[in-house]
K.L.:
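Pasting in a structure now, in structure tokens, and then I'll have a few things to ask.
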Amino acid sequence: MKIQSIRGTRDILPDQIQQWHYVYDILKRTSEKYGFEEYRTPIFEKTEVFKRSIGEETDIVNKEMYTFLDKGGDSITLRPEMTAAIVRSIIQNNLNQIHNIIRVWYFGPFFRYERPQKGRLRQFHQYGAELIGSPFPEADAEIIDLAISIINDFGIKDYQLLINSLGNSVSRQNYKSALVEYFNSNIEHLSQESKQRLISNPLRILDSKDPSEKDVISNAPSVLDYFDSESRDHFELVLELLKSSGINYEISPQLVRGLDYYSHTVFELRSNALGSQDSFAGGGRYDELFSQMGEKPTPAVGFAMGIERLLLILEQSALIPVFPSKIDFYIVIQSNDYLSFARKVANILRENGYKVIIELARRSFKSQMRDANKVQSKYAAIIGEQEFADNSVAIKNMETSEQIVYTLDNLQKTFKK
RNA sequence: GUGCUAUUAGCUCAGUAGGUAGAGCAUCAGAUUGUGGCUCUGAGGGUCGAGGGUUCGAGUCCCCCAUGGCACCCCA
């Protein structure tokens, strides 16, 4: 069988790379507008890092991690997400000892062992931002503001912002007990999977898609009724700040998210362009993560965005710009005897900063012209018998078909960048 | 991890009731003895995703594996 890449992984081919640069550039620029700085960490960590943060009972840790023993016998995991790694790094480098707010963003590959589907890969890319050091609702609002700003900068119009609050740890605990009690007394209406979740992670029952348990779920107690005053105030202020900056949202009491470390605000961005995997960004507040990692409590909010899913949306909405021609000059030679002269011409132009292609396959004159047209070169630099004899080159504008002969001196002077 | 579905030239796809493969585009070359895009002509390119089975004979039927897609699960 023909050699193949690993299931659920993809090559980014040269004709796609410009899209990736385009996406990266916008993410970078928008993040910087909010004062965020790029952060990079290794793509693997000790397995501990993810187990302790994401939660032992989550699917990500239970069945989706690429975990292996290295030659020293340590358990290593390819990162399934970034937040845990950044928190580890911040602790390690004592960045949270300084009393500043930390604003960072990242872009890179992540790994989850799942059955591939459209918009779901085993190696995928995420952008994300983390705002560390503020317990206040204005930080939540700032993060959501950044996410929306990115969406706007890409020109995406067709999306929904769903938001919810899980409350602080006290109110979440109260809510969880109430939920467990409720579902236990209605256990005959629950699916097999939800019965499992009742033990492992009862909150997750809420976003089940099984129609048979829709009724039990919609009659379940709502988080909103279990908030203490701190939780309620926090959530209300977040919503108020969003409203005042004109961000439309939809409160979704069933939104829970799959990572254990969230408290207070959680949110998700969804798009109809995506099908079943309709969420392309998600995040929330994780005030308890630092203490879970054995550090002094440090409040934080963040979110992540799936780049492949973002690209799907951009493609479907025709929001990817047409990129201009890559090549400035295509050197066309009449005979292979002119090769060293052609190289000289190419280097003059390259020294002036132009992108120059030279024939390497010994193809016919006609083929070279065709190729120059195909790669959308702006000019063809033609070297025929006459030009070779005169130490000159004919520069043909491929769009207008205008052609002017230059001596090498004039060429250098005329085409300066 | 479960179910359904697809897999034929580089790409998009035909392939009739099982009788050892075709088109368009792309590529290369020519029509055009110094000049691309349009048109025309020709050429190269496939052990029909891998393996096994039924059959005189399988791209076509059966099994299994791999990969993609859809749904579940979960998430970006």
Side-chain angles (χ1 to χ4, degrees), chain A residues 1-10 13 15 54 58-65 79-83 106-128 147 191-194 196-197 201 204 207-212 255-259 268-271 274-283 303-313 330 332-335 338 361-389 394-403 405:
Chain A
M1 208 203 289
K2 212 177 187 179
I3 193 155
Q4 265 180 338
S5 62
I6 305 264
R7 181 173 205 191
T9 67
R10 251 195 234 166
L13 304 177
D15 66 339
I54 298 169
T58 60
D59 278 6
I60 292 181
V61 168
N62 268 338
K63 44 182 229 196
E64 295 173 7
M65 292 209 305
R79 62 185 188 188
E81 63 114 35
M82 189 62 158
T83 305
Y106 59 86
F107 183 105
F110 295 88
F111 307 85
R112 271 141 57 180
Y113 189 85
E114 290 189 274
R115 184 110 169 226
Q117 212 173 303
K118 191 194 204 103
R120 196 174 73 183
L121 298 159
R122 287 184 173 182
Q123 179 179 175
F124 58 102
H125 295 76
Q126 281 189 345
Y127 159 89
S191 67
Q192 209 48 250
E193 272 156 358
S194 287
Q196 192 57 45
R197 284 187 283 227
N201 192 347
R204 294 223 54 86
D207 57 11
S208 159
K209 285 180 200 162
D210 192 333
S212 72
L255 182 69
V256 185
R257 319 233 71 240
L259 294 84
E268 218 171 89
L269 290 169
R270 292 189 186 165
S271 163
L274 292 174
S276 179
Q277 316 303 323
D278 63 350
S279 132
F280 65 101
F303 81 101
M305 182 177 291
I307 302 304
E308 283 82 359
R309 290 184 189 178
L310 175 68
L311 282 169
L312 244 31
I313 296 170
Y330 195 112
V332 176
I333 49 177
Q334 181 75 35
S335 152
Y338 311 154
R362 301 189 180 178
R363 284 176 297 185
S364 68
F365 187 87
K366 188 192 200 65
S367 287
Q368 295 174 54
M369 284 303 291
R370 277 184 178 157
D371 204 30
N373 184 61
K374 206 187 73 184
V375 302
Q376 293 173 32
S377 181
K378 291 196 193 83
Y379 301 97
I382 299 167
I383 300 165
E385 207 177 331
Q386 195 60 51
E387 288 81 6
F388 182 69
I395 302 296
K396 177 173 188 170
N397 182 316
M398 293 298 279
E399 204 177 326
T400 63
S401 290
E402 260 181 299
Q403 188 167 315
V405 179

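So you know, we letter chains A, B, ... as the sequences are listed, proteins then strands, and number each from 1.
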K.L.:
For Ala281(A), answer base if it contacts any base atom (sugar-phosphate contacts may also be present), sugar-phosphate if it contacts only those atoms, and nothing otherwise; contact means non-hydrogen atoms under 4.0 Å.
P.N.:
sugar-phosphate

K.L.:
When rounded to the nearest Å, what value does the distance between P atoms of rA9(B) and rA14(B) take?
P.N.:
12 Å

K.L.:
Return the pairing partner of rG24(B) with a 3.5 Å limit on both distances, Watson-Crick or G-U wobble; otherwise return none.
P.N.:
rC11(B)

K.L.:
Parallel under 30°, tilted from 30 to 60°, perpendicular over 60°: which one fits the rings of Tyr106(A) and Tyr127(A)?
P.N.:
parallel

K.L.:
Backbone N or O of Arg115(A) within a donor-acceptor pair of the Arg120(A) side chain at under 3.5 Å?
P.N.:
yes

K.L.:
Answer yes or no as to whether rA76(B) has its base stacked against Phe124(A), where stacking requires a ring-centre separation under 5.5 angstrom and planes under 30 degrees apart.
P.N.:
yes

K.L.:
Atom OH of residue position Tyr113(A) - does it have more than 12 heavy atoms of other residues, nucleotides or ligands inside 6.0 Å?
P.N.:
no

K.L.:
Does Lys374(A) or Glu385(A) map to a spot on RNA chain B nearer the 5' end, using the closest nucleotide for each?
P.N.:
Lys374(A)

K.L.:
So with a 6.0 Å cut-off around CG of Leu13(A), is the heavy-atom count from everything else above 12?
P.N.:
yes

K.L.:
Counting distance only, does the side-chain N/O of Arg112(A) pair as donor-acceptor with the main-chain N or O of Arg79(A) below 3.5 Å?
P.N.:
no

K.L.:
Could you tell me whether the side chain of Glu114(A) has a donor or acceptor atom within less than 3.5 Å of a complementary atom in the base of rA76(B)?
P.N.:
yes

K.L.:
Provide the distance between the two P atoms, one in rG22(B) and one in rC62(B), to the nearest whole Å.
P.N.:
25 Å

K.L.:
Indicate whether OP1 or OP2 belonging to rA76(B) is found under 4.0 Å from a side-chain N or O atom of Arg120(A).
P.N.:
no

K.L.:
Looking only at N and O atoms, is any donor in the side chain of Glu387(A) or the base of rG34(B) less than 3.5 Å from an acceptor on the other one?
P.N.:
yes

K.L.:
Now, which nucleotide makes the Watson-Crick or G-U wobble pair with rA17(B), with each of the two distances under 3.5 Å?
P.N.:
none

K.L.:
Can you find a side chain N or O atom of Lys366(A) that sits less than 4.0 Å from OP1 or OP2 on rC28(B)?
P.N.:
no

K.L.:
Among Gln368(A), Met369(A), Arg370(A), whose side-chain contact (heavy atoms from CB on, under 4.5 Å) with Lys366(A) holds?
P.N.:
Arg370(A)

K.L.:
Would you say Arg370(A) places a side-chain N or O within less than 4.0 Å of OP1 or OP2 belonging to rG37(B)?
P.N.:
yes

K.L.:
Taking any strand in view, what nucleotide pairs with rU55(B) in a Watson-Crick or G-U wobble way, both distances under 3.5 Å?
P.N.:
none

K.L.:
Going by modelled atom types, is there a donor-acceptor pair between the base of rU35(B) and the side chain of Gln403(A) at under 3.5 Å?
P.N.:
yes

K.L.:
Expressed as a whole number of Å, how far does the C1' atom of rC13(B) sit from that of rC48(B)?
P.N.:
13 Å

K.L.:
With rounding to the closest Å, how many angstrom separate the C1' atoms on rU2(B) and rG15(B)?
P.N.:
34 Å

K.L.:
If you restrict it to nitrogen or oxygen atoms, what contacts under 3.5 Å exist between nucleotides 5-8 of chain B and the protein, and what is each distance?
P.N.:
none

K.L.:
Determine the interatomic distance between P on rC61(B) and the same-named atom on rA26(B); round to the nearest Å.
P.N.:
33 Å

K.L.:
Quick one: Asp371(A) CG to rU27(B) P, roughly how many Å, whole number?
P.N.:
9 Å

K.L.:
Please confirm whether the shortest side-chain N or O distance from Arg363(A) to OP1 or OP2 of rC28(B) is below 4.0 Å.
P.N.:
yes

K.L.:
For rG49(B) and rU8(B), measure between their C1' atoms and round to the nearest Å.
P.N.:
10 Å

K.L.:
I'd like the P distance from rC75(B) over to rU5(B), given in whole Å.
P.N.:
29 Å

K.L.:
On RNA chain B, does the nearest nucleotide to Glu308(A) precede the nearest nucleotide to Pro116(A) from the 5' side, or the other way round? Give the residue.
P.N.:
Pro116(A)

K.L.:
Could you let me know what rG44(B) is paired to, Watson-Crick or G-U wobble, both distances under 3.5 Å, or none if it's on its own?
P.N.:
none

K.L.:
Do Arg204(A) and rC75(B) have a side chain to base donor-acceptor pair shorter than 3.5 Å?
P.N.:
no

K.L.:
Counting only Watson-Crick pairs (N1-N3 plus N6-O4 or O6-N4) and G-U wobbles (N1-O2, O6-N3), all under 3.5 Å, who is the partner of rG34(B)?
P.N.:
none

K.L.:
Could you give the CE-to-C1' distance, from Met65(A) to rG1(B), as a whole number of Å?
P.N.:
17 Å

K.L.:
Just N and O in the side chain of Gln117(A): are any of them under 4.0 Å from OP1 or OP2 of rA71(B)?
P.N.:
yes

K.L.:
Tell me which nucleotide, if any, is Watson-Crick or G-U wobble paired with rG3(B) when both distances must be under 3.5 Å.
P.N.:
rC70(B)

K.L.:
Name the orientation class of the two ring planes belonging to Phe107(A) and His125(A) (parallel below 30°, tilted from 30 to 60°, perpendicular beyond 60°).
P.N.:
tilted

K.L.:
Do any N or O atoms from the side chain of Ser191(A) and from the backbone of Ser194(A) form a donor-acceptor pair under 3.5 angstrom?
P.N.:
yes

K.L.:
Decide yes or no for Phe388(A) and Ile333(A): does some side-chain heavy atom of the first lie under 4.5 Å from some side-chain heavy atom of the second?
P.N.:
no

K.L.:
Should we say atom CD of Glu385(A) is surrounded by more than 12 heavy atoms from elsewhere, each under 6.0 Å from it?
P.N.:
no

K.L.:
Measure from CD on Gln386(A) to P on rU35(B) and round the result to the nearest Å.
P.N.:
15 Å

K.L.:
For Asp278(A) and rC72(B), what is the distance between atoms CG and C1' respectively, to the nearest whole Å?
P.N.:
14 Å

K.L.:
Taking atom C1' of rC28(B) as reference, at what distance in whole Å does atom CG of Asn373(A) sit?
P.N.:
16 Å

K.L.:
Does Arg112(A) make a side-chain donor-acceptor contact with the base of rA76(B), cut-off 3.5 Å?
P.N.:
yes

K.L.:
If we take the P atom in both rG1(B) and rU20(B), what is their distance in whole Å?
P.N.:
41 Å

